[in-house]
J.: 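Shown below is the structure under consideration.
The structure presented is a predicted model; accordingly, all values stated were derived computationally and were not measured. In each ligand, atom 1 is the first atom listed, and ligand 1 is the first ligand listed.
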Amino acid sequence: MRIEQAYVIVTAPGRNFVTLKIVTDEGVYGIGDATLNGREQAVVAYLEEHVVPTLIGRDPQRIEDIWHYLYRGAYWRRGPVTMSAIAAVDMALWDIKAKAAGMPLYQLLGGKSRERVMVYGHATGRDIDACLEEVARHVDEGYRAVRVQAGVPGIASIYGVAKRAGERYEPADSDVPAEHVWSTAKYLNHVPKLFAAVRERFGDDLHVLHDVHHRLTPIEAARLGKEVEPYHLFWLEDCVPAENQEGFRLIRQHTTTPLAVGEVFNSLYDAKELIENQWIDYIRASLTHTGGITHMRRLADLAGLYHVRTGFHGPTDLSPVCLGAAIHFDTWVPNFGVQEYMPHDRLTDEVFPHDYRFEDGHFLVGESPGHGVDIDESLAARYPYQRASLPVNRLEDGTLWHW
Ligand SMILES: O=C(O)[C@H](O)[C@@H](O)[C@H](O)[C@H](O)CO
Ligand SMILES: [Mg+2]
């Protein structure tokens, strides 16, 4: 079998997605997600200029060799653009291999470790009451786990809160970055009240999660972790920027609130210290941004040695291709934790037909050969790319802060 064609499809049914399609001389093809929110065209250029020309004529079955060819061979290793490009190739090659073997991807990985995959949804609200209504909607829809993000009095626009009730939250919402203003003090004073209200209304059984989105210092995160301990969060996510992995040691010394991190990671080296020191409980890296299935299997196995579980990133800015492949991975991986799920909109699901299905707070993996997701290229062509940037964040004194 040989790779005959490889090309990039950029489409924007509601938001921008980048997909790599690899076609073999035996007619079998595979697709991979290469979407990097706000930096889509950088990955397109990397793929078209530096990756696709090297794939033509190669044996698509040699997944491991091609992964190292693209990783070690790049010389300039790691980084979100490179690793998203490698991930798209890797996802497409695993899709091809599973199709050629006539089996769903999870079988190729090692078979089912569970029948279904628990997900968490996103409940957001401009204030606590509005947020509680969204939590109630998710509970009614069968979710066992809900991420809770609410507006903070005195902060005009905040991460994770949709503009209007019931709407999905899409952060890449302007041509050039919008500027938000942030107050740690106002945020820290408010969040414990939010979770007290959630537990008051919904009791202790519902899994509740929260995303700090990189905005605290370690001691501030330690304070927040301690103050929400009575509310038994499933996890507190991205509480500090994780370039300095050591920062999590201090948080860990002060609180038993479980910690999750990693959606901005792009290799297992970003998480190695965190995992080996057991400073975290869940690793959030995504297949698309962390080099695909080949690399994520290594990261998941390392995590499993230290009681760390997976909690894949799964917002609407990762395409159904990534979500579909992730559900196969989640179905197999022994140390599964939870899968993030923001439903894509109808247009997106039409462009990316798939066989996974959401039911009763869980995903059920499909049985068709491969990862079970396709792309309708003629429909995709109707939705041209339009630049959309993530916001930036400033403190009230104007300091450029973490978004
Ligand atoms: O936990 C999450 O799902 C993430 O934090 C997202 O909301 C990111 O902000 C988005 O994926 C950036 O593109
Ligand atoms: Mg997050």
J.: Between K99 and D95, does at least one N-O distance fall below 4.0 Å, as a salt bridge requires?
T.: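 Result for this pair is yes, salt bridge flagged.
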J.: Tell me which one of H214, H289, E263, R39 gets a heavy atom nearest to atom 4 (C) of ligand 1.
T.: E263
J.: Would you mind running through ligand 1 and noting each atom that sits below 4.0 Å from a heavy atom of H213?
T.: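 Ligand 1 atoms under the 4.0 Å threshold to H213: 5 (O), 8 (C), 9 (O).
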J.: Using a 6.0 Å distance limit plus a 45 degree cone around the ring axis, check whether R199 lies over the aromatic ring of F202.
T.: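 Verdict for F202: no cation-pi partner in R199.
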J.: Inspect the contact between E359 and R116 and indicate whether a charged nitrogen and a carboxylate oxygen are less than 4.0 angstrom apart.
T.: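 No, no charged N to carboxylate O under 4.0 Å.
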J.: I'd like to know if R298 pairs up with E64 as an ion pair, taking the criterion as any Lys NZ or Arg NE/NH1/NH2 lying under 4.0 Å from an Asp or Glu carboxylate oxygen.
T.: yes
J.: Looking at atom 10 (C) of ligand 1, what's its closest protein heavy atom, distance included?
T.: D317 OD1, 3.5 Å
J.: Please could you name the atoms of ligand 1 that H313 approaches to less than 4.0 Å, counting only its heavy atoms?
T.: 2 (C), 3 (O), 4 (C), 6 (C), 11 (O)
J.: Below 4.0 angstrom, N of the basic side chain to O of the carboxylate: do E134 and R147 qualify?
T.: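 No.
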J.: Below 3.5 angstrom, do we get any N/O pair linking Y169 and ligand 1?
T.: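 Looking only at distances, the answer is no, because the N/O contact criterion of under 3.5 Å is not met.
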J.: Under 4.0 Å between a Lys/Arg side-chain N and an Asp/Glu carboxylate O for R144 and D360?
T.: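 So R144 pairs with D360 through a salt bridge.
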J.: Would you say E237 contacts ligand 1, with heavy atoms under 4.0 Å as the rule?
T.: yes
J.: Under 3.5 Å, N or O to N or O, is H122 touching ligand 1 that way?
T.: no
J.: Quick one: does S389's side chain have a donor or acceptor within less than 3.5 Å of a partner on D175's backbone?
T.: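 Indeed, once roles are kept as given, a pair shorter than 3.5 Å links the two residues.
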J.: Please list, in number order, the atoms of ligand 1 under 4.0 Å from a heavy atom of R284.
T.: 1 (O), 2 (C), 3 (O)
J.: Among all protein non-hydrogen atoms, which one is nearest to atom 13 (O) of ligand 1, and what is the separation to 0.1 Å?
T.: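 Checked against all protein heavy atoms, atom 13 (O) of ligand 1 sits closest to N37 ND2, 2.8 Å.
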J.: Indicate yes or no: does R284 engage E340 in a salt bridge with an N to O separation below 4.0 Å.
T.: yes
J.: Can you name the residues that form a salt bridge (Lys or Arg N to Asp or Glu O under 4.0 Å) with E229, not counting sequence neighbours?
T.: none
J.: Run the numbers for me: atoms of ligand 1, each under 4.0 Å from some heavy atom of P315, listed by number.
T.: 3 (O), 11 (O)
J.: Knowing that exactly one of F363, F329, Y341, Y106 qualifies, which makes a ring-ring contact (aromatic ring centres under 6.0 Å, His included) with Y356?
T.: F363
J.: Please state which protein non-hydrogen atom is closest to atom 6 (C) of ligand 1 and give its distance, to 0.1 Å?
T.: Y159 OH, 3.5 Å
J.: Considering only heavy atoms of R147, which atoms of ligand 1 have at least one such atom less than 4.0 Å away?
T.: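 Per the distance check, 1 (O), 2 (C), 3 (O).
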J.: Taking only protein atoms, how many N, O or S atoms are found under 2.8 Å from the Mg ion (ligand 2)?
T.: 3
J.: Are D281 and R252 within salt-bridge range, i.e. N to O under 4.0 Å?
T.: yes
J.: Ion pair present between E133 and R201, side-chain N to carboxylate O less than 4.0 angstrom?
T.: yes
J.: For W403, take its heavy atoms, then give the atoms of ligand 1 lying under 4.0 Å from any of them.
T.: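 Numbered from 1, ligand 1 contributes 9 (O).
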J.: Can you name the nearest heavy-atom pair linking V351 to A380, along with the distance?
T.: CG1-CB, 3.8 Å
J.: How close does the nearest protein non-hydrogen atom get to atom 3 (O) of ligand 1, and which residue and atom is it?
T.: E340 OE2, 2.5 Å
